[in-house]
Amino acid sequence: MTMIPKPFWNPWLAGVALGVTLLATFVLTGHGLGATGFTTRLSAWLGLQAAPEAIQANAYLGAMARPDILDGWITWQVIGVFAGALLAAFLAGRMRVQLDGATRVGAGKRIATALIGGLLAGFGARIAAGCTSGLGLSGAATLSIAAFVFLGAFFVTGLIASRLVKGV
């Protein structure tokens, strides 16, 4: 028996829920949402396991290096987002493994394109000092000029990239 997926949330309701979540995060923790810092923190922690002297001497990664990866709010936020998304997909009947677009261009090209795009987005987020959730949502909520410049550049770049890789 196949389960019929539940409909997606109303976008207005989802937006209000995200706003309330962001507000609660500011009130309860003193900072906004964000995820990109976790990847840097994870890289620093992995580096500590392999080459502690090199990581501690590195001006960029040394400041992020902690002996315990679970020792920060951002780690727990990323774990919570992952667990919450998994639970929500399961409860909504939308839990499945799929590779969108693979039938048109082939699985290998689709995976390579997604991997390259993800690496470029992560690199850009580190250069911009935040990702779409950290700089975009939290920064815009605090009326940061950098956040609005980032969001504009992000959307324009997305529109251009979508035209360049259409069908991939």
Side-chain angles (χ1 to χ4, degrees), residues 8-52 54-92 94-95 97 100 111 113-162 165:
F8 290 113
W9 280 26
N10 175 303
W12 294 102
L13 178 63
V16 168
L18 180 58
V20 169
T21 301
L22 182 58
L23 177 62
T25 303
F26 275 118
V27 169
L28 296 173
T29 67
H31 50 74
L33 298 170
T36 309
F38 171 73
T39 57
T40 306
R41 191 162 220 247
L42 179 62
S43 298
W45 181 78
L46 290 170
L48 277 178
Q49 310 314 306
I55 294 299
Q56 290 168 344
N58 184 291
Y60 181 69
L61 292 176
M64 301 283 281
R66 303 277 186 285
D68 185 3
I69 189 66
L70 299 176
D71 178 23
W73 67 270
I74 201 162
T75 301
W76 292 104
Q77 177 194 300
V78 170
I79 291 170
V81 166
F82 177 78
L86 200 63
L87 179 64
F90 178 76
L91 293 175
R94 296 183 178 278
M95 183 82 130
V97 176
D100 293 337
I111 290 170
T113 304
L115 181 61
I116 291 167
L119 289 171
L120 287 172
F123 180 70
R126 290 311 305 158
I127 289 174
C131 58
T132 51
S133 57
L135 187 56
L137 287 175
S138 300
T142 59
L143 302 178
S144 163
I145 301 272
F148 290 106
V149 170
F150 167 78
L151 286 171
F154 183 83
F155 282 109
V156 168
T157 303
L159 289 171
I160 293 168
S162 72
V165 297

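Under the rule for a side chain to side chain donor-acceptor pair (under 3.5 Å), Arg66 has no partner lying at least two apart in sequence or in another chain. Partners of Ser138 under the side chain to side chain donor-acceptor pair (under 3.5 Å) rule, at least two apart in sequence or in another chain, do not exist in this structure. Shown here are the side chain to side chain contact (heavy atoms under 4.5 Å, CB included) partners of Ile111, two or more places apart in sequence or in another chain: Leu99. Scanning for side chain to side chain contact (heavy atoms under 4.5 Å, CB included) contacts around Ala92 gives Lys6, Arg94, with sequence neighbours left out. Evaluation of the side chain to side chain contact (heavy atoms under 4.5 Å, CB included) rule for Ala121 yields no partner, not counting sequence neighbours. Residues meeting the side chain to side chain contact (heavy atoms under 4.5 Å, CB included) test with Ser144, sequence neighbours left out: Thr142, Ala146, Ala147.
Of all the heavy atoms in Pro67 and Leu48, the pair that sits closest is N-CD1, 4.2 Å. Between Ile55 and Ala44 the shortest heavy-atom distance is CG2-O, 3.8 Å.
By the neighbour-count criterion of 12 heavy atoms within 6.0 Å, atom CD1 of Ile145 is sparsely surrounded, having that number or fewer from other residues, nucleotides or ligands.
A distance of 11.0 Å separates CG in Leu46 from OG1 in Thr39, rounded to the nearest 0.5 Å.
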Show me the donor-acceptor pairs, under 3.5 Å and distance only, between side chains in residues 17-25 and residues at least two apart or in other chains.
from: Thr21; atom 1: OG1; to: Ala17; atom 2: O; distance (Å): 2.8
from: Thr25; atom 1: OG1; to: Thr21; atom 2: O; distance (Å): 2.8

With a cut-off of 3.5 Å and sequence neighbours excluded, list every side-chain donor-acceptor pair involving residues 74-90.
from: Thr75; atom 1: OG1; to: Ile69; atom 2: O; distance (Å): 2.8
from: Trp76; atom 1: NE1; to: Leu70; atom 2: O; distance (Å): 2.8
from: Gln77; atom 1: NE2; to: Gly34; atom 2: O; distance (Å): 2.3

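Evaluation of the ring pair (Phe, Tyr, Trp, His ring centres under 6.0 Å) test over residues 129-152, restricted to residues two or more places apart or in two chains, returns Phe150-Phe154. Within the structure, every pair that satisfies the ring pair (Phe, Tyr, Trp, His ring centres under 6.0 Å) test and touches residues 23-43, not counting sequence neighbours, is listed here: His31-Trp73.
Checking each of Leu137, Leu33, Thr36 against Cys131 for a side-chain contact (heavy atoms from CB on, under 4.5 Å) leaves exactly one that passes, namely Thr36.
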